[in-house]
Amino acid sequence: MPLGDDGLPDAELSEGREIYSSRCARCHGSSGGGGTGPKLADGAVVAAYPDIADQLEIISDGKNGMPSFAGSLSESQIEAVARYSREVLG
Ligand code: HEC
């Protein structure tokens, strides 16, 4: 289980990991290396979206080949997967 800043297991990050592997990995790669969608790992997503709010918006609303997840994920699920991509893949 991914650990939070305090070194304890972080439930939101593990939820994010599950969402990522079921909803995002097929386009962005299982470790975020990219594929149909751009690379998210190695700091790429944090560099593209220094403010997490802008990343949350693209996941909710979609953009070109990036599907919108507003109808299928709750706000807290979107936040969990965004944190996972920044803190674990990133
Ligand atoms: C059907 C393939 C597909 C799926 C599934 C998908 N994405 Fe994407 N994603 C894309 C594509 C293509 C883009 C590039 C959109 C553009 O800028 O034109 C993108 C862009 C992004 C970006 C912006 C990256 C950047 O550098 O601008 C983020 C963040 C992102 N996706 C996160 C996610 C997350 C989180 C999930 C799962 C909840 C997900 N994506 C699922 C295809 C996908």
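Just so you know, ligand 1 is whichever comes first in the structure, and atom 1 is the first atom listed for that ligand. Bear in mind the structure is a predicted one, so any value in this text is a computation, not a measurement. Heavy atoms only: backbone and side chains are in, while hydrogens, waters and symmetry mates are out.
- Rounded to the nearest 0.5 Å, atoms CD (E18) and CD (Q77) are 10.5 Å apart.
- With respect to atom 25 (C) of ligand 1, the closest heavy atom belonging to the protein is Y49 CE1, 3.6 Å.
- Of all protein heavy atoms, the one lying nearest to atom 26 (O) of ligand 1 is A48 CB, 3.8 Å.
- Between K39 and A44, the closest heavy-atom pair is O-CB, 3.4 Å.
- Taking CD1 of I52 as the reference point, atom OG of S85 lies at 7.5 Å (rounded to 0.5 Å).
- Here is the list of ligand 1 atoms found below 4.0 Å of a heavy atom in Q55: 29 (C).
- Shortest non-hydrogen contact noted between L56 and E79 is CD2-CA, 3.7 Å.
- Closest approach of S31 and A41 over heavy atoms only: O-CB, 3.3 Å.
- Separating the SG atom in C27 from the CG atom in L40 is a distance of 10.5 Å, to the nearest 0.5 Å.
- The shortest non-hydrogen separation linking R83 to D10 is NH2-OD2, 2.9 Å.
- Protein N/O/S atoms closer to atom 8 (Fe) of ligand 1 than 2.8 Å number 2 in this structure.
- The contact set between ligand 1 and V45, taken as ligand atoms under 4.0 Å from a residue heavy atom, comprises 29 (C).
- Given atom 5 (C) of ligand 1, the protein heavy atom at minimum distance is R23 O, 3.2 Å.
- To the nearest 0.5 Å, atoms CD1 (I19) and CZ (F69) are separated by 10.0 Å.
- Using a 4.0 Å cut-off between heavy atoms, F69 contacts ligand 1 through its side chain alone, with no backbone atom that close.
- In this structure, CG in N64 is found 8.5 Å from CD1 in I58, a value given to the nearest 0.5 Å.
- What sits closest to atom 18 (O) of ligand 1 on the protein, heavy atoms only, is N64 ND2, 2.7 Å.
- Of all the atoms in ligand 1, the ones that sit under 4.0 Å from a non-hydrogen atom of T36 are 12 (C).
- Rounded to the nearest 0.5 angstrom, E57 CD and K63 NZ are separated by 10.5 Å.
- Evaluated by nearest non-hydrogen atom to atom 17 (O) of ligand 1, the leading choice among R86, K39, Q77, K63 is K63.
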